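Let me begin by presenting the structure, written as C-alpha cells, before commenting on it.
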Amino acid sequence: LASADIMAFPSETETVGNVVLEAMASGVPVMVADNTSGAEAVRRFGNRGIVVEGRTLEAWVLALSSLLRDPARL
C-alpha cells in the first residue's frame, strides 16, 4: 500500500474503513465516498485525501483529476 500513488475506495457500504486508515498512515492520499466512515477519517485526520461528493463516475473522475493536477498532494 505504501508504494501506491493514490488509493480510491468507492465503497458506500464499508463499516470501519480500516483500509482508508492504513493508506493514510502510509502517506497515500485517499479518495472516499461521502457519508462513510472513510470520509469522516479524511475530514478528521488532516485532509489526507478527497471526499467524493456524489455517486457518479463523473464525480470520481473529477476527484482523481484534481489529485493528479496537484503533485503536492501526491
Side-chain angles (χ1 to χ4, degrees):
L1 192 63
S3 63
D5 291 322
I6 299 169
M7 197 277 284
F9 194 66
S11 175
E12 297 176 15
T13 59
E14 48 84 15
T15 54
V16 177
N18 282 336
V19 69
V20 173
L21 296 174
E22 291 168 0
M24 292 189 328
S26 297
V28 176
V30 296
M31 295 172 49
V32 295
D34 60 344
N35 297 321
T36 64
S37 62
E40 180 63 29
V42 169
R43 291 181 183 117
R44 181 175 292 183
F45 298 114
N47 194 25
R48 296 180 184 201
I50 292 179
V51 176
V52 180
E53 305 291 336
R55 306 285 193 244
T56 65
L57 177 60
E58 181 181 43
W60 283 85
V61 169
L62 289 172
L64 178 59
S65 296
S66 74
L67 270 180
L68 294 174
R69 285 190 309 264
D70 189 356
R73 290 186 84 181
L74 295 176

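Keep in mind the model is a prediction, meaning the values are calculated, not measured. Atom set for the values below is all heavy atoms of this structure, side chains included, hydrogens, waters and symmetry mates excluded.
Taking every heavy atom of both residues into account, A63 and M31 meet most closely at CB-CE, 3.9 Å. Listed here is the closest heavy atom pair of E53 and A59: O-CB, 3.7 Å. Here the shortest heavy-atom pairing between E22 and L1 reads C-CD2, 3.7 Å. Among all heavy-atom pairs drawn from S11 and A33, the shortest one is O-CB, 3.8 Å. The heavy-atom pair separating G54 from W60 by the smallest distance is O-NE1, 4.0 Å.
In this structure, L62 CG and T56 OG1 are separated by 7.5 Å, a value rounded to the nearest 0.5 Å. Here CG of L68 is found 4.5 Å from CD1 of I6. Values are rounded to the nearest 0.5 Å.
Each of N35, V32, V30 was scored for a side-chain contact (heavy atoms from CB on, under 4.5 Å) with V51, with one residue passing: V32.
Residues L64 and M7 fall into different hydrophobic clusters, defined by Ile, Leu, Val, Met, Phe, Trp and Tyr side chains chained together at heavy-atom separations under 4.5 Å. Under the 4.5 Å side-chain heavy-atom criterion for ILVMFWY residues, a single connected hydrophobic cluster contains both V28 and V42.
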